[in-house]
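First the structure, which I've put down as structure tokens, then a few questions once you've had a look.
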There are 2 protein chains.
Amino acid sequence: MKKAEITRLTILEQAFDLIYTKGYQTTSIDDILAKTKVTKGAFYYHFKNKDEMGIAIIQELIKPNFEHYFIKPLLQEKDPSTILYQMMHDALLKNEFLKVEYGCPASNLTTEMAPWNTNFTKVLNELALKWKMCLEICLQKGIEQNLIRKDIDTEQVAIFIMSGYWGIRNLGKLVNSTKVYKDYLKQFEAYLNLLK
Amino acid sequence: MKKAEITRLTILEQAFDLIYTKGYQTTSIDDILAKTKVTKGAFYYHFKNKDEMGIAIIQELIKPNFEHYFIKPLLQEKDPSTILYQMMHDALLKNEFLKVEYGCPASNLTTEMAPWNTNFTKVLNELALKWKMCLEICLQKGIEQNLIRKDIDTEQVAIFIMSGYWGIRNLGKLVNSTKVYKDYLKQFEAYLNLLK
DNA sequence: TAAAAAAAATACCAATTGGTATGTAATATG
DNA sequence: CATATTACATACCAATTGGTATTTTTTTTA
């Protein structure tokens, strides 16, 4: 790996940490420079401006993690309710990338940026849409294999699952404890049984 | 109503609008002054600083609305599943205070402020806790009246309901359409039937 | 190894931020 | 009606913000 690439990646990773813990707007470029020990010249050599860096963080750090924990599991050849429970369980309790006290990075950014920054929202929307689509595909396959009831509306179910995830992340952040995750998972399991 | 009180309330209401639509940090005091046509002297006569105003908005504007839509319905003498569905339905579709494209003000503030402002988080946490408690009380009464299964864990259910609400607010904000609210409500109804 | 291009360092800047100091008008009170 | 207090107005400020211009160092390439 080239030295320049390392610099760039360092900026992205450390900036992600700051933004994830403090929020995008409260993280100043000077904060990032102080943490990375990179100079302003180097920073602006790699990124046109702060927002471009923010988008790069989503694309190059958040997205891969998202693919791993939220998309890949859905493509397995197992029965959907097992898959969905496993996905939720691992996303909440096995993902060391995410910390309960800081919530979900993508959800945080959505809330913070949606009202005034369309670039961020566009990228985040793509992630959400992909997740929804894959959830639906997973459910549809289940229907075809008689593992899921035929009369469910896959879009409705996908939306219900997504909102549950985002919400519990937010609640976890508020109370700062994984206890709520575990409570949530129990009810999620009960809900999934409805689909069979 | 005294003139000074009107000034104060104007600031709170207009500032709420700005913060709800743009976020707390992106709303500057000068923004608020421009919108309200109040001078800086007047502003700082009524509020010690920006954060004190923020807290006042939660206590004096958000909280009453919250009590009306999220607490009061729960105290009715009806069967819980009807109450809960009605509460969710009205909160999402009947509350003109809240707009789909801007999400839930309390949830927005939680996400934005939690990592770095303990004052805000404390007040918001109180709201969340009260909601949870009242949800549990509502369910407990249902159990005693044989309207709700005895074997449910009221805390778990309360947590599941809360996260669903927050999540769907976030999703609504992302896609900017009440369609997801309606989809969500359908599945919420199905989930509530599980409790009977 | 010299020139060119890439990468990084340094110094600077205008705009905005939340907040203060001080002055003045309006209102209440005795 | 005099005085005190409340309510608001104006002008100012230090700190921070994202960003730029310029120079220097490092690396690549011919």
Side-chain angles (χ1 to χ4, degrees), chain A residues 1-58 60 109 112-113 115-121 123, chain B residues 1-58 60 109 112-113 115-121 123:
Chain A
M1 200 183 216
K2 277 197 210 149
K3 226 182 135 196
E5 282 177 48
I6 293 175
T7 306
R8 191 190 137 92
L9 195 62
T10 307
I11 293 173
L12 288 181
E13 284 175 344
Q14 308 272 38
F16 169 82
D17 274 359
L18 288 169
I19 291 166
Y20 183 32
T21 54
K22 298 203 313 170
Y24 181 81
Q25 293 167 84
T26 35
T27 299
S28 73
I29 293 182
D30 284 347
D31 286 342
I32 297 165
L33 302 183
K35 201 182 176 192
T36 54
K37 282 167 185 177
V38 158
T39 61
K40 209 159 235 191
F43 182 94
Y44 279 97
Y45 174 77
H46 288 285
F47 306 101
K48 214 179 85 223
N49 50 42
K50 191 186 175 187
D51 280 9
E52 195 186 273
M53 179 210 62
I55 302 284
I57 287 177
I58 300 176
E60 297 169 43
L109 282 172
E112 192 181 348
M113 315 298 273
W116 57 279
N117 192 308
T118 48
N119 287 329
F120 276 75
T121 313
V123 186
Chain B
M1 204 182 212
K2 277 194 209 153
K3 227 182 133 192
E5 281 177 47
I6 293 174
T7 307
R8 192 190 136 92
L9 195 62
T10 306
I11 294 173
L12 289 181
E13 284 174 346
Q14 308 273 36
F16 169 82
D17 274 358
L18 287 169
I19 292 167
Y20 183 33
T21 53
K22 299 201 313 169
Y24 181 80
Q25 294 167 85
T26 35
T27 299
S28 73
I29 293 183
D30 283 348
D31 286 341
I32 298 166
L33 302 183
K35 202 183 175 192
T36 54
K37 281 166 188 183
V38 157
T39 61
K40 209 159 234 189
F43 182 94
Y44 278 98
Y45 174 78
H46 288 286
F47 306 101
K48 216 178 84 221
N49 50 43
K50 190 187 177 187
D51 280 9
E52 197 186 271
M53 180 211 62
I55 303 285
I57 287 176
I58 301 176
E60 297 169 42
L109 282 172
E112 192 181 348
M113 315 298 273
W116 58 280
N117 192 308
T118 48
N119 288 329
F120 276 74
T121 313
V123 185

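The sequence lines fix the lettering, A, B, ..., with proteins before strands; numbering per chain opens at 1.
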D:dT26 C1' sits how many Å from A:Lys3 NZ, rounded?
7 Å

Between CD of A:Glu5 and P of C:dA6 the distance, given in whole Å, is 14 Å

Tell me whether the side-chain N/O atoms of A:Thr39 come closer than 4.0 Å to OP1 or OP2 in C:dA8.
no

With B:Thr36, the side chain to side chain contact (heavy atoms under 4.5 Å, CB included) member among B:Leu12, B:Thr10, B:Thr7
B:Thr10

Under 3.5 Å, is there a donor-acceptor pair linking the side chains of A:Asp51 and A:Asn117?
yes

Among D:dG18, C:dG19, D:dT6, the one nearest B:Tyr45 by side-chain distance
D:dT6

Is there a donor and acceptor pair closer than 3.5 Å between the side chain of A:Lys50 and the base of D:dG19?
no

Whole Å only: how far is the CZ atom of B:Phe43 from the P atom of C:dT20?
12 Å

Does D:dC8 have OP1 or OP2 sitting under 4.0 Å from an N or O in the side chain of B:Thr7?
yes

Over how many whole Å does the gap from A:Glu52 atom CD to D:dT20 atom P extend?
12 Å

Is a donor on one side and an acceptor on the other found under 3.5 Å between the side chain of B:Lys50 and the backbone of B:Tyr24?
yes

Phosphate-side-chain proximity, B:His46 and D:dC8, N/O vs OP1/OP2 below 4.0 Å
yes

Go nucleotide by nucleotide along DNA chain C from the 5' end; which of B:Tyr24 and B:Lys2 gets its closest nucleotide reached first?
B:Tyr24

Rounded to the nearest Å, what distance is computed from the NZ atom of residue A:Lys48 to the C1' atom of nucleotide D:dT20?
14 Å

Quickly work out the B:Ile32 CD1 to C:dG19 P distance and round it to whole Å.
11 Å

Could you check how far CD1 of B:Ile19 sits from P of C:dG18, rounded to whole Å?
10 Å

Spell out, as yes or no, whether a donor-acceptor pair under 3.5 Å connects the side chain of B:Asp31 to the backbone of B:Ser28.
yes

Of D:dG18, D:dC8, C:dG18, the nucleotide closest to the side chain of B:Ala4 is D:dC8

Rounded distance [0.5 Å steps], CD1 in A:Ile11 versus CZ in A:Phe47:
5.0 Å

Using OP1 and OP2 only, check whether a side-chain N or O of A:Ser28 sits under 4.0 Å from D:dT16.
no

Whole Å only: how far is the NZ atom of A:Lys40 from the C1' atom of D:dT17?
8 Å

If you check the B:Tyr44 side chain, which of C:dG19, D:dA9, C:dA9 turns out closest?
C:dG19

